[in-house]
Amino acid sequence: MSSPALVRQPEDSMPATALAEAGSAPAAITRPTTPPSFGTLALRWYRLNRAGLRAAAIGVISLLAFLLVWHLLTTYRVVFFVRFTNVPSPLAVYDSFIKAIHDPKFLMHILLSCRRIFIGFSLAAIVGVPLGLIMGRFKLVHEVIFPVAEVLRPIPAIAWVPMAIMLWPTNEQSIVYITFLGSFFPILVNTLHGMSLVDPVLVRAAQCLGARERSIFREVYFPASLPHIFTGLTVGMGVAWVSLIAAEMISGQYGIGYFTWEAYSLVQYADIALGMIAIGVLGLGSSLLIRGAGQLVMPWRST
């Protein structure tokens, strides 16, 4: 038997189906894939964000229901334990909003309040977070500072107004100081709480691996305390707005709190509601910014 026959014999003995599969394999590999359609991409996006869309839809429905109830109560002047005879309707508040956004004075009130919040809250975070970390790590520092902080913490922001006026030469500085105090203590307490919950096994493991105090602080204590730190920042932002509005109503000449109190003095009920809504929206926006920063700093929390 010749050598060409020997060479062709395995190929000739192969089944027809195997030859067909062998012949079609390169075609399957080189066949171009069609990109997914827009409907397929939209369906995938909906499945990934279904929970968030559901929460947003429920939130919108809840707000619409609140506006409807508010409209009905003020339209029919309902008096049932609570009097709605002088409460402005949503349409009246909307008309006041349209006038206010074209008034530079209203925008100045909002900008000044935002600036005071930014300065006071930033100072509270810069002081409160490192101080809470140090107090949670070193027992002597905790024993010295914690009693003083616990005595000052229950004092409300309104009670600090006369003392702030005596301590600081201008109203602007006293208002920022009150805002600082309002946000400082929640940040400090939550940071301390986070430090107290750090697993000591992790600390001993880092020490056994030869880590120094600075490395333990940076790699163990700080990451473990971050969730509680951002909880304190979120709570502190809310208390900062409460403190700011109280200070602006009592000793301020500008700001959204002063705008709301001036509207009450001038019997402009729609402006009162507008000021309250502006405070709520600004506070919500501030809290959302902190939560967004927390998700960026702690991506493992969203998984």
Side-chain angles (χ1 to χ4, degrees), residues 114-161 163-168 172-204 206-207 211-244 246-247 283 286-287 289-298 300-301:
C114 291
R115 188 186 71 175
R116 291 163 176 169
I117 280 288
F118 177 77
I119 296 174
F121 179 79
S122 299
L123 291 175
I126 291 172
V127 177
V129 173
L131 183 60
L133 294 173
I134 294 173
M135 290 174 62
R137 179 58 177 157
F138 302 105
K139 187 176 180 180
L140 178 60
V141 180
H142 182 277
E143 292 174 347
V144 172
I145 299 178
F146 187 74
V148 180
E150 281 297 290
V151 172
L152 299 178
R153 184 171 62 87
I155 302 176
I158 298 178
W160 278 101
V161 173
M163 183 62 67
I165 294 174
M166 291 186 290
L167 288 173
W168 301 96
E172 186 70 19
Q173 293 174 349
S174 63
I175 292 173
V176 171
Y177 174 71
I178 294 171
T179 306
F180 163 82
L181 288 177
S183 55
F184 171 75
F185 291 108
I187 295 173
L188 177 65
V189 171
N190 279 274
T191 305
L192 275 174
H193 182 64
M195 289 289 290
S196 66
L197 296 180
V198 176
D199 192 352
V201 176
L202 298 177
V203 179
R204 289 196 296 268
Q207 292 173 346
R212 297 183 178 181
E213 183 65 30
R214 181 180 299 179
S215 299
I216 295 174
F217 211 86
R218 184 180 65 252
E219 302 295 337
V220 179
Y221 278 106
F222 185 67
S225 303
L226 271 178
H228 298 277
I229 291 174
F230 274 94
T231 300
L233 293 174
T234 305
V235 177
M237 178 59 74
V239 182
W241 276 105
V242 174
S243 305
L244 173 69
S286 304
S287 299
L289 287 176
I290 295 175
R291 292 172 184 171
Q295 292 179 357
L296 291 177
V297 176
M298 302 178 295
W300 64 87
R301 298 280 294 180

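If you're wondering where the values come from, they're calculated on a predicted model, not measured in any experiment.
With contacts defined as side-chain heavy-atom distances shorter than 4.5 Å, the pair W168/V176 does not qualify. Counting heavy atoms from C-beta outward, L244 and I178 have side chains that stay 4.5 Å or more apart. Using a 4.5 Å cut-off on side-chain heavy atoms (C-beta onward), S174 and V161 make no contact. Taking the side chain as every heavy atom from C-beta outward, T179 and L123 never approach each other to under 4.5 Å.
Atoms CG and CZ, on L152 and F185 in that order, are 5.0 Å from each other to the nearest 0.5 Å. Note: I216 CD1 to R204 CZ = 12.0 Å, rounded to the nearest 0.5 Å. To the nearest 0.5 Å, the span separating CZ on F184 from OG on S243 amounts to 13.5 Å. Note that CD1 of I145 is 8.0 Å distant from CD1 of I134, once rounded to the nearest 0.5 Å. The structure places NE2 of H193 at 9.0 Å from OG1 of T231, a figure rounded to the nearest 0.5 Å. For the atom pair OG of S286 and CZ of F121, the computed distance is 8.5 Å after rounding to the nearest 0.5 Å.
For the pair G136 and L192, the tightest heavy-atom approach, listed with the atom from each and the gap, is N-CD2, 3.6 Å. Annotation for P186 and V235: closest pair CB-CG1, 4.0 Å, computed over non-hydrogen atoms. Closest of all the heavy-atom pairs between L188 and A149 is CD2-CB, 4.1 Å. The heavy-atom pair separating T191 from G128 by the smallest distance is OG1-O, 4.5 Å. Scanning both residues, A224 and H228, for their nearest heavy atoms gives O-CD2, 4.4 Å. What you find for G120 and S183 is that their closest heavy atoms are O-OG, 4.0 Å.
Ring geometry for F217 against Y221 counts as tilted: the plane angle lies between 30° and 60°, on a 0 to 90° scale.
For E219, there are no salt bridge (charged side-chain N to carboxylate O under 4.0 Å, His left out) partners two or more places apart in sequence or in a different chain.
Under the 3.5 Å distance criterion, the side-chain polar atoms of S122 are left unmatched by any main-chain donor or acceptor of I119.
Legend: ring-ring contact (aromatic ring centres under 6.0 Å, His included) pairs involving residues 127-151, not counting sequence neighbours, sorted by first then second residue: H142-F146. For residues 115-135, the set of pairs meeting the salt bridge (Lys or Arg N to Asp or Glu O under 4.0 Å) definition, not counting sequence neighbours, comprises R115-E172, R116-E172, R116-E248.
Other residues, nucleotides and ligands contribute more than 12 heavy atoms inside 6.0 Å of the CG atom of L167.
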